[in-house]
Amino acid sequence: MSTSTTPSPWAHVTPGNLLPGLATLAALGIGSLLAWPRLARAIFASDFLPHAYCYLKEPALVWTHVISDSTIGIAYLAISINLAYLVYRGRRDLPFHWMVLAFGLFIVACGLTHFVEALTVWVPVYVLSAILKVFTALISLITAIALPFTVSPLLTMIHRARDCEEHEREVARAEAKFRGLLEAAPDAVAVTNPEGEIVLVNHQVERLFGYRREELLGHPIEILLPQHPPGVHSAHRSQFFASPQSQPLGASLELLGVHKNGSEFPVEVSLSPLQTKTGLLVSSAIRDVSERKREQEALKQSEERFRRLVEDVRDYAIFSLDPQGNITSWNLGAERMKGYQAEEIIGRHFSCFYPEDDLRQGKPAQELRTAIAEGRVEDEGWRVRKDGSKFWANVVITALRDSGGNLKGFSKLSRDITVRKRIQDQLEALNQDMVRRNAELLAMNKELESFSYSVSHDLRSPLRHIAGFSQLLLEEHSAELSFEAQRYLQRIREGTSRMGQLIDELLGLARLGRQELKVQVTSLKPLVEEVLRDVIQEKPGHPIDWIIHPLPYLDCDPLLMKQALTNLLSNAVKFTSQQDHPIIEIGSMPGNPQPVIFVRDNGVGFSMKYADKLFGVFQRLHRPEDFPGTGVGLATVQRIIQRHGGRVWAEAELGRGATFYFTLGRENGTPNADALTSHIPVSDELEAARGTTAG
Amino acid sequence: MAQLPVEILLVEDNSDDIELALHALRRGGLANRVEIVRDGEQALDFLFCRGLYRHRSLAQPPRVVLLDLKLPKADGLQVLKELKSNPVTRPIPVVILTASREEQDLVRSYQLGVNSYIQKPVDFEQFRRTVKELGMFWLVINQPPPQAAFQVG
């Protein structure tokens, strides 16, 4: 053992080289004792009284000393063994370990002194005891002298240790903060060292890639982001490490990420430098962009579909303009309509489609202004094709804005409606024509009205004069007139009377056309009964078998309907007048949309070949001698039914009676004639064919 | 005859009609005190006692006026309107005797307050019967308006 007070030589003392030293020292000591027995004898001389005597062999005192000294010795030994073990384990990390060893030696020495002290109670080896004490004193002295020299560096060391601890706590706090931030980051973040090994990941990385944290640390980042396309990632990284400042890799890279299960997915990676104590690290923020990619892809596809759709539309010219009105896209319809190919028109101003008049008035610009102000503008007008020909177009210009409301341009949709325009013009002309005709018709109607008024007033007067004076002639000058002359006058009278009747009926028919229709829901039955009373009154004593079936309600003008029924029933009465058993039947049957009313008689009937003449004015199918009449009755019926929007028709057979049908409102389909007429009783007398037929 | 009050005022422009009407009246024994005027204006002069007829007295109106509708100058409806809108002449019975059976004429006449409307039949026999019955009714059966009816106020 060196007694040097400077700690530096001790710095090399290690338990490894200390123990052999101690062993050598012990061997030397034992060797010297064996080599020199006298020395041994001198040392171990026990000619003295053992210490027990000093204690008067008082056992309590003796054992107290022995036990205490032994205990102290054992304790000192244990302490020094601990210290030795500490130095041995702590190696060089233990500061001032030579001091510890010195303490250890000092304590061992003290321990030995106490052991020998205990021994000397019975064995009086005082020389040994003295030597040990000298040794112990030396060691103690050396330690005591060396100690002050170590106080200052020890204090420094203690301070340093405290600073160090503080710093470490700070670092730990910063690191905790950093980790917190890392974990809170929405993106998966992996931190790599310059070798590309993962040194730190957050929870999102575990979630995104399916690895546990410990499976990643120390592994290359390529297991998460392989070089795909090859070289990209490492190339970027090495470039990045080469000059982190000039390489703003904050701009994101689009790479493929690989999940633990092998599936690949698109990620967006942004790299940023991380200056640390241990060097420059790279933090990679990784974002799963599968969803965004899908959306973008869907949007792209939808845009593509829409673009194709627009391109393929043939009947509409669809194109777009930039905010200044220059054409930026051109579809097939536009090509067809305007005659320009896409490549020759794109980039030109859309005003080239306008005729000169519109250009002079600044219409193209005006339309864009309106589209900007109101969102869209619609216009119809002439447009010019490439070849200079014109077409009438319907145009819609819509302002296109981005989400921020900034004008991006316009879409323009045009339709060639020249044909429609032409038809519209024609329609308008026709309409005007119709308005004019209507006015003419009204005027004509007015004229007709005054005409019939005139007829009513003026035509009848001369007739009355003829009738009056011929009557007076007959009455007052009959004596002067031959029989023949009187007969002629009689014929004149009859003629005037008939003409008067004709004029009245004709005026009545004319009035029907002008008269306003007063339609109301009308029960047909009372109307028929009323008519029947009048008709029967006209022809008293005529034994007619009336069959009245249930009758419906009709929407009609009751007065006109009564007139129509009067004419029909009068007719039936008239044409059955020569029957022995006249039967007249009135009824209805379902029709579409309105019921069909019929009046059936078993009279003389008529031949169906004259059916088309039946309803004509002054059309008669008989001689007046057989059946009187003016030929206005059925014309009146037809006029009334037609004014109700209905239809009247008849079915008959010569000598077998006739049936007249009418229905109000438009109907579809005519009832079966045979089914309706088959049961009409046939009168034998009527079988005798007549030259004329009933009507 | 001139001093006796007129019983019938016949307003008719057509001479044939006048002759036939007079004939019929005569046959009915009613032609004694008939005054004939040939247009609407004359009719109004007669009834309001002015112009040619200013010597007449409003107090002696005709028992009945037979009025044609189609007349020169003021037509029948105009005459009717003036008569019926004036309290002095309103009580005078007015019978429209016309060829027309147009509804508009009937409507207008009754709206203006006509007392009767008769269409002249074409047949003379019928006409004669009609005129006779008409005269009988207005001159014999019908009670004429009393004097008080003509006093205004």
Side-chain angles (χ1 to χ4, degrees), chain A residues 445-446 448-478 486 489-518 557 559-560 563 630 632, chain B residues 10-29 31 38-40 66-80 96-109 117-132 134:
Chain A
N445 212 17
K446 196 85 189 161
L448 201 68
E449 208 169 304
S450 60
F451 169 74
S452 58
Y453 188 82
S454 257
V455 168
S456 182
H457 278 90
D458 302 337
L459 226 55
R460 226 196 311 246
S461 290
L463 205 59
R464 246 188 16 258
H465 303 154
I466 298 166
F469 289 116
S470 51
Q471 175 77 15
L472 285 176
L473 202 59
L474 262 177
E475 283 177 7
E476 296 177 3
H477 303 277
S478 58
Q486 290 185 31
L489 280 171
Q490 191 57 37
R491 297 293 281 273
I492 292 171
R493 266 193 63 197
E494 283 169 12
T496 52
S497 157
R498 184 160 176 76
M499 189 165 171
Q501 204 184 343
L502 285 174
I503 289 172
D504 281 349
E505 293 196 11
L506 205 58
L507 287 172
L509 191 63
R511 206 177 296 129
L512 265 184
R514 302 199 303 266
Q515 204 169 315
E516 200 190 329
L517 217 57
K518 295 184 180 88
D557 183 325
L559 281 177
L560 290 182
Q563 197 179 338
T630 54
V632 179
Chain B
L10 179 63
V11 189
E12 176 64 71
D13 63 324
N14 188 302
S15 55
D16 288 341
D17 272 313
I18 292 169
E19 195 177 337
L20 289 173
L22 284 176
H23 199 279
L25 285 169
R26 215 178 294 130
R27 184 65 70 88
R38 303 293 294 267
D39 60 49
L66 301 182
L67 183 63
D68 193 7
L69 284 180
K70 227 176 165 200
L71 292 169
K73 300 179 184 173
D75 71 9
L77 287 174
Q78 212 173 323
V79 173
L80 178 66
I96 298 282
L97 192 63
T98 177
S100 165
R101 210 174 60 182
E102 290 294 302
E103 193 181 87
Q104 45 177 324
D105 286 339
L106 276 154
V107 170
R108 196 82 191 103
S109 300
Y117 189 109
I118 288 157
Q119 191 202 16
K120 295 175 194 166
V122 171
D123 187 81
F124 185 65
E125 193 55 49
Q126 269 186 53
F127 177 68
R128 211 150 49 184
R129 204 162 52 235
T130 304
V131 170
K132 189 180 169 188
L134 181 79

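Convention: sequence-line order gives letters A, B, ...; per-chain numbering from 1.
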- Considering only heavy atoms from C-beta outward, does the side chain of A/R464 approach that of B/D17 to under 4.5 Å? yes
- Backbone of A/L474 reached by a side-chain donor or acceptor of A/Q486 within 3.5 Å: no
- Residue part contacting chain B, namely of A/E475, when any heavy atom lies under 4.5 Å: side chain
- Query: Can you tell me if A/S497 uses its side chain to pair, donor with acceptor, with the backbone of A/R493 under 3.5 Å?
  - Reply: no
- A/E494 versus chain B, heavy atoms under 4.5 Å apart: side chain, backbone, both or neither? neither
- Item | Atom group of B/D68 that falls short of 4.5 Å from chain A, counting heavy atoms | neither
- Side-chain (A/D557) to main-chain (A/K518) donor-acceptor, under 3.5 angstrom: yes
- Task: Please check if atom CZ in B/R38 has more than 12 non-hydrogen atoms from other residues, nucleotides or ligands closer than 6.0 Å.
- Result: yes
- Counting only heavy atoms closer than 4.5 Å, note whether B/Q119 contacts chain A via side chain, backbone, both or neither. side chain
- Choice from A/L472, A/I466, A/I503 maximising heavy atom contacts with chain B below 4.5 Å: A/L472
